[in-house]
Amino acid sequence: MRIAINPKSMRVIRGGEIKGPVVYWMSRDQRVADNWSLIYALGLARELNEPVAVVFCIAPGFLNATGRSYRFMIDGLRKVEHRLKSMNVAFILLHGEPVDAIPSLIDDSGAGILVTDFSPLRISLTWKSRIAERVSIPIHEVDAHNIVPCWMASEKQEWSAQTFRRKIKKHLPEFLENFPEIKQPARAWKDDVKNDWGSAESSLNLKACTSAPYISGEDAAEEQLTCFIKEKLELYALHHNDPAKDAQSGLSPYLHFGQISAQRVALAVKNRGDYGEFLDELIVRRELSDNFCYYNDRYDSFNGLPEWARKTLNDHRGDRREYLYTLAELEEGRTHDDLWNAAQLEMLIKGKMHGYMRMYWAKKILEWSESPEIALSRAIYLNDRYELDGRDPNGYVGCAWSIGGLHDRPFRERPIFGKIRYMSYEGLRRKFDVEEYKRRITMMSQ
DNA sequence: ATCGGCTCGCGCAA
DNA sequence: TGCGCGAAGCCGAT
């Protein structure tokens with residue numbers, strides 16, 4: 001069979017012969033452009049002369065997400081629907097538990113195969129294995145999110161960025177390739193699909209939800225990329241760790257929802273000289289997060305942290321904590337530390353805290369909580385709830401790095417933190433203009 | 001301003 | 001078995 005994707009990007013979750021239409025269950029990669037799962041589904045459809053439908057299932061009460069995150073997602077999906085319609089592909093919006101809704105759709109539509117994208121998160125793995133038990137058609141999974149498919153990059157949990165970097169670099173020449181043109185299917189989906197967006201929005205309580213200061217959708221994502229390359233790429237190299245400057249890519253919400261492909265971003269940046277630092281973060285550190293979650297099912301708990309880190313945190317459980325805050329005090333940004341409060345406020349207002357501040361923010365939650373377990377769960381709760389790019393492997397790894405030494409090394413022992421790398425207000429003041437950062441946040445909140 | 005030490009363990013060279 | 005080195009630092013000596 002001639003399919004336009006690297007076969008190593010696809011895994012057979014459930015085997016069997018394909019007899020009937022192709023259904024792509026879109027989940028993590030919410031875009032039409034540069035989507036290996038869609039490319040694969042369309043390729044199969046042409047090969048078999050079958051129609052294609054893309055289905056998205058909105059799960060109820062998904063992980064404490066705020067209305068703002070749903071708003072961002074729904075707006076993006078409506079654009080996906082529009083774009084698919086123009087290319088003879090049906091888009092079906094479902095809501096309910098995917099474990100019920102997807103098998104029902106397969107039965108109702110007489111689908112011959114389910115294609116889906118890849119996520120290393122527990123909920124996704126559970127959904128897929130349950131669905132695989134329930135249906136009798138083949139299921140093929142395509143990693144459309146990572147440049148090097150998660151299962152190809154490494155066969156185990158990596159120790160550090162360094163060990164992972166070597167493996168990724170080895171595979172990049174093979175996988176960092178240009179995307180093929182997508183060809184629309186010869187046959188149209190049998191029914192004219194009418195999606196009820198209004199009831200989807202009301203079931204998510206989105207009516208009153210103001211949108212985040214980011215325009216959603218793949219067009220907006222591409223615009224953001226173009227603008228970043230044209231105006232900010234040089235700045236990034238110099239200042240991306242300076243929260244007082246606007247030198248980040250602003251792509252993370254789009255990358256999280258799959259509204260832009262990391263591979264597209266990498267291809268666009270690669271052709272513009274040596275931007276090693278940006279590409280390292282975009283590729284190595286992003287894909288390392290998938291590696292951690294995929295190979296460590298305790299990716300969001302204390303017990304998933306490295307041995308040396310658990311030991312040193314255990315040694316310091318009894319240490320006196322000078323400041324202890326409740327979750328509500330943290331959530332509302334009411335601590336004694338104005339810099340921390342500003343970072344929290346930035347997250348509340350923009351749905352996106354500066355990357356450098358995220359480390360300091362999480363480390364202080366460790367310092368101000370009763371135990372490392374409580375600290376980790378609070379950091380993850382707040383991150384998942386308020387960041388547009390929350391509920392993502394990058395978030396879990398970020399919290400585990402800051403609080404639990406993941407992918408990091410030990411440093412000089414001190415109270416509470418033990419040998420976990422420490423960060424201080426004074427250190428940040430030496431590094432950048434803290435007052436300017438606070439000023440920016442204050443202006444934003446008015 | 002700059003620099004070494006802190007401290008662990010992986011992975012490669014030998 | 002030894003050794004170099006690491007995703008974003010801190011601290012104290014110079």
Side-chain angles (χ1 to χ4, degrees), chain A residues 153-170 235-245 247-249 252 255 262 275-293 295-296 299 304-316 319 322 337 339-340 343 346 352-367 379 383 389 392-434 437:
Chain A
S154 170
E155 56 186 11
K156 62 176 187 119
Q157 185 190 321
E158 290 297 323
W159 179 257
S160 67
Q162 186 197 31
T163 60
F164 190 60
R165 186 175 295 115
R166 274 199 293 261
K167 299 188 180 180
I168 281 284
K169 288 222 162 134
K170 194 179 70 189
L235 271 180
Y236 184 93
L238 289 170
H239 300 302
H240 72 284
N241 274 341
D242 185 342
K245 294 202 166 67
Q248 296 204 304
S249 74
S252 73
L255 286 165
Y275 294 103
E277 187 104 29
F278 176 78
L279 287 176
D280 198 63
E281 294 204 0
L282 176 77
I283 303 173
V284 177
R285 307 241 267 277
R286 246 189 68 264
E287 305 202 353
L288 178 60
S289 300
D290 265 36
N291 169 273
F292 175 65
C293 294
Y295 291 111
N296 190 328
Y299 55 77
L305 301 176
E307 177 76 34
W308 70 266
R310 270 180 293 147
K311 181 177 182 311
T312 192
L313 287 168
N314 282 331
D315 290 343
H316 290 271
D319 293 358
E322 191 174 348
D337 179 338
L339 180 55
W340 191 94
E346 181 182 31
K352 201 165 97 55
M353 190 191 301
H354 192 282
Y356 191 79
M357 291 308 296
R358 292 187 190 202
M359 298 185 285
Y360 178 76
W361 174 86
K363 284 180 181 293
K364 291 298 144 182
I365 294 177
L366 171 61
E367 196 170 339
N383 186 78
D389 58 12
D392 190 282
N394 290 134
Y396 303 122
V397 165
C399 292
W401 182 88
S402 301
I403 292 172
L406 177 73
H407 302 150
D408 204 10
R409 62 181 158 138
F411 286 83
R412 178 184 283 148
E413 198 161 8
R414 61 157 57 232
I416 306 173
F417 285 79
K419 292 167 184 170
I420 304 293
R421 181 197 300 256
Y422 183 67
M423 286 176 78
S424 69
Y425 193 115
E426 278 309 305
L428 267 57
R429 231 165 51 118
R430 280 192 294 271
K431 230 178 198 50
F432 69 93
D433 187 346
V434 164
Y437 174 69

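Quick note on labels: first sequence line is chain A, next is B, and so on, each numbered from 1.
Neither OP1 nor OP2 of C:dG9 sits under 4.0 Å from any side-chain N or O of A:Arg414. The phosphate of B:dC10 (OP1 or OP2) has no side-chain N or O of A:Ser160 nearer than 4.0 angstrom. Residue A:Lys419 has a polar side-chain atom (N or O) positioned under 4.0 Å from OP1 or OP2 of B:dC8. In this structure, A:Arg421 reaches the C:dA8 phosphate: one of its side-chain N or O atoms is under 4.0 Å from OP1 or OP2. Contact between the side-chain N/O atoms of A:Lys431 and the OP1/OP2 oxygens of C:dA8 is not found at any separation under 4.0 Å.
Taking the side chain of A:Trp308 as heavy atoms from C-beta on, and the options B:dC8, C:dA8, C:dA7, the nearest nucleotide is B:dC8. Residue A:Arg430 places its side chain closer to C:dC10 than to any other of C:dC10, C:dG9, C:dA8. Looking at the side chain of A:His407, the nearest of the listed nucleotides C:dA8, B:dC12, C:dA7 is C:dA7. For A:Glu281, the side-chain atoms get nearest to C:dA8 when compared with the rest of C:dG9, C:dA8, B:dG11. Nearest to the side-chain atoms of A:Arg409 among the listed nucleotides B:dC8, C:dC10, C:dA7 stands B:dC8. Checked against B:dG11, C:dA8, C:dG9, the side chain of A:Lys156 finds its nearest nucleotide in B:dG11. Closest to the side chain of A:Ala161, from the set C:dC10, C:dA7, B:dC8, is C:dA7. Side-chain proximity of A:Arg285 to the nucleotides C:dA7, C:dA8, B:dG11 is greatest for C:dA7. Out of C:dC11, C:dA7, C:dA8, the shortest distance to the side chain of A:Arg412 is found at C:dC11.
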TODO: Just do the salt bridge (Lys or Arg N to Asp or Glu O under 4.0 Å) check on A:Arg165 and A:Asp280 with the steps written out, would you?
DONE: CA-CA 8 Å; A:Arg165 186 175 295 115; A:Asp280 198 63; 2.8 Å; yes

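Following rounding to the nearest Å, A:Phe411 (CZ) and C:dC5 (P) show an atom-to-atom distance of 16 Å. Between A:Tyr425 atom OH and C:dC10 atom P there is a gap of 14 Å when expressed in whole angstrom units. Straight-line distance from the NZ atom of A:Lys311 to the P atom of B:dC8: 9 Å, rounded to whole Å. Residue A:Ile416 contributes atom CD1, which lies 16 Å from atom P of C:dC10 at whole-angstrom precision. For the pair A:Phe417 CZ and B:dC6 P, the interatomic distance rounds to 22 Å; values are reported in whole Å. One interatomic measurement links the two molecules: CG of A:Asp408 to P of B:dC10, which rounds to 15 Å at whole-angstrom precision. Remark: C1' of C:dA7 and CZ of A:Arg166 are 15 Å apart, rounded to the nearest angstrom. Put simply, CD on A:Gln162 is 8 Å from C1' on B:dG11, counting in whole angstrom units.
Distance check on atom P: B:dC12 versus C:dA7 gives 15 Å, rounded to whole Å. One P atom belongs to C:dC10, the other to B:dG9, and the distance between them is 23 Å to the nearest Å. Here, B:dA14 and C:dC5 have their P atoms 14 Å apart, quoted to the whole Å. When the P atom is used for both B:dG5 and C:dC3, the distance is 16 Å, rounded to whole Å.
Counting all heavy atoms, side chain and backbone alike, A:Tyr422 lies closest to A:Lys363 at C-CD, 4.4 Å. In terms of heavy atoms, A:Ile168 sits closest to A:Ala153 at CD1-CB, 4.0 Å.
A:Glu426 CD: more than 12 foreign heavy atoms inside a 6.0 Å radius.
Put simply, CG on A:Asn383 and OH on A:Tyr396 are 8.0 Å apart, with the number rounded to the nearest 0.5 Å.
At the heavy-atom level, A:Arg165 lies under 4.0 Å from the strands shown only through sugar-phosphate atoms. Using a 4.0 Å heavy-atom distance criterion, A:Met423 is classed as a sugar-phosphate-only contact. If you check every strand for non-hydrogen atoms under 4.0 Å, A:Tyr422 touches sugar and phosphate atoms only.
The pair A:Lys352-A:Glu346 does not count as a salt bridge, with every side-chain nitrogen at least 4.0 angstrom from each carboxylate oxygen.
Nucleotide C:dA7 has no partner under the Watson-Crick or G-U criteria, as no pair reaches both atom distances under 3.5 Å.
A:Pro243 pairs in a side chain to side chain contact (heavy atoms under 4.5 Å, CB included) with only one of the listed residues (A:Arg358, A:Lys431, A:Met357, A:Met353), which is A:Met357.
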